[in-house]
Amino acid sequence: MRFLFWKALVGLVAYDLLLLGHDFATLHRIVRNWKVSGKQPSTDATGRVCAALNRACVWYPKRALCLQRSSVTTCLLRNCGVSAHMVLGAQKLPFRAHAWVEVDGRAVNERSDVQAIYGVWERC
């Protein structure tokens, strides 16, 4: 679990460094093209990754917003062999955009009604 925490923390830093010199399209392309590892995921892989990311966010010096959390979570889950998708969505009124992660069509590490509140723009 400790190693996963460090991977999550490094992922948060990598996200910030990436966006210093690149735009959202680059981030989107990286997440979309991130391959799912060929290894068999453990039964608790999703929970372990989400817990590690939550712990890393506590220690990260700035607040990690939904896009940062979702992109890092998606890549970590794929590294663990879990077929995860980063989802981008919005609600019309009042306008709000949000990003979250889905595994097997279910939102993870997220409020349970996120899929009912936001219409999906993109799954990658």
Side-chain angles (χ1 to χ4, degrees):
M1 185 66 141
R2 188 173 297 172
F3 183 64
L4 206 46
F5 162 80
W6 287 108
K7 285 176 81 170
L9 197 57
V10 167
L12 294 172
V13 171
Y15 171 95
D16 279 334
L17 291 175
L18 174 73
L19 289 186
L20 281 176
H22 300 282
D23 58 5
F24 170 76
T26 303
L27 172 70
H28 182 267
R29 187 173 51 256
I30 288 169
V31 174
R32 184 185 66 229
N33 294 331
W34 200 279
K35 303 290 183 213
V36 177
S37 166
K39 62 183 173 184
Q40 181 69 28
S42 64
T43 56
D44 63 341
T46 300
R48 289 179 56 238
V49 166
C50 291
L53 185 80
N54 291 342
R55 194 170 297 112
C57 286
V58 169
W59 291 100
Y60 197 59
K62 70 179 225 26
R63 185 172 177 214
L65 299 177
C66 61
L67 185 60
Q68 184 174 19
R69 292 174 60 94
S70 297
S71 59
V72 173
T73 301
T74 301
C75 294
L76 286 175
L77 284 168
R78 289 178 182 173
N79 280 345
C80 292
V82 177
S83 181
H85 299 279
M86 181 174 73
V87 182
L88 307 171
Q91 74 176 28
K92 290 182 182 179
L93 294 173
F95 179 79
R96 271 190 282 201
H98 189 50
W100 66 93
V101 179
E102 290 181 356
V103 174
D104 296 327
R106 182 180 60 85
V108 297
N109 210 24
E110 185 64 60
R111 51 188 289 176
S112 60
D113 61 347
V114 69
Q115 293 163 311
I117 294 173
Y118 296 96
V120 174
W121 279 346
E122 171 76 11
R123 269 192 182 84
C124 57

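Predicted, not measured: the structure shown is a model, and the values here were computed from it. All residue numbers in this chain count up from 1 along the given sequence.
Across all non-hydrogen atoms, the minimal contact from S83 to V36 is CA-CG2, 4.0 Å. Residues A56 and F5 come closest through the heavy atom pair CA-CE1, 3.5 Å. Minimum heavy-atom separation, A99 to L88: CB-CD2, 3.7 Å. Residues L9 and Y60 share a closest heavy-atom pair of CD1-CD1, 3.9 Å. Here the closest non-hydrogen pair linking R78 and C124 is NH2-O, 3.0 Å. Summarising the geometry of A52 relative to A8, their closest heavy-atom pair is O-CB, 3.9 Å, with the distance given to 0.1 Å.
Although no hydrogens or angles enter the test, the distance criterion places no donor-acceptor pair under 3.5 Å between the side chain of E110 and the main chain of Q115. Of the possible polar contacts, one joining the D23 side chain to the T26 backbone as a donor-acceptor pair under 3.5 Å is found.
By the neighbour-count criterion of 12 heavy atoms within 6.0 Å, atom NZ of K62 is densely surrounded, having more than that number from other residues, nucleotides or ligands. The number of heavy-atom neighbours closer than 6.0 Å to CG of D104, taken from other residues, nucleotides and ligands shown, is 12 or below.
Note that the OG1 atom of T74 and the CD1 atom of I30 stand 13.0 Å from one another [nearest 0.5 Å]. A distance of 13.5 Å separates NE2 in H85 from OG in S70, rounded to the nearest 0.5 Å. Rounding to the nearest 0.5 Å gives a distance of 12.5 Å between OH of Y15 and CZ of R69. Atom CG of residue D44 and atom SG of residue C50 lie 11.5 Å apart, to the nearest 0.5 angstrom. Here the OG-CG distance, from S71 to L18, works out to 8.5 Å after rounding to the nearest 0.5 Å.
A continuous path of hydrophobic side-chain contacts links V49 to V58 [ILVMFWY only; heavy atoms under 4.5 Å]. Hydrophobic clustering (ILVMFWY, side-chain heavy atoms < 4.5 Å, transitive): V120 and Y118 are in one cluster. At a threshold of 4.5 Å between side-chain heavy atoms, the hydrophobic network of Ile, Leu, Val, Met, Phe, Trp and Tyr places V114 and L77 in two separate groups. The hydrophobic cluster containing M86 does not contain L65, counting ILVMFWY residues as joined when their side-chain heavy atoms lie under 4.5 angstrom apart, directly or transitively. No chain of hydrophobic side-chain contacts below 4.5 Å, direct or via other Ile, Leu, Val, Met, Phe, Trp or Tyr residues, connects W100 to L67.
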Tell me, with the steps shown, if R96 and I117 meet side chain to side chain contact (heavy atoms under 4.5 Å, CB included).
CA-CA 10 Å; R96 271 190 282 201; I117 294 173; 5.9 Å; no

Take Q68 and L12, measure what side chain to side chain contact (heavy atoms under 4.5 Å, CB included) needs, and give me the verdict at the end.
CA-CA 7 Å; Q68 184 174 19; L12 294 172; 3.8 Å; yes

Step by step, would you call V72 with K7 a side chain to side chain contact (heavy atoms under 4.5 Å, CB included)?
CA-CA 9 Å; V72 173; K7 285 176 81 170; over 6 Å; no

Determine, stepwise, if the pair N109 / V101 fulfils side chain to side chain contact (heavy atoms under 4.5 Å, CB included).
CA-CA 8 Å; N109 210 24; V101 179; over 6 Å; no

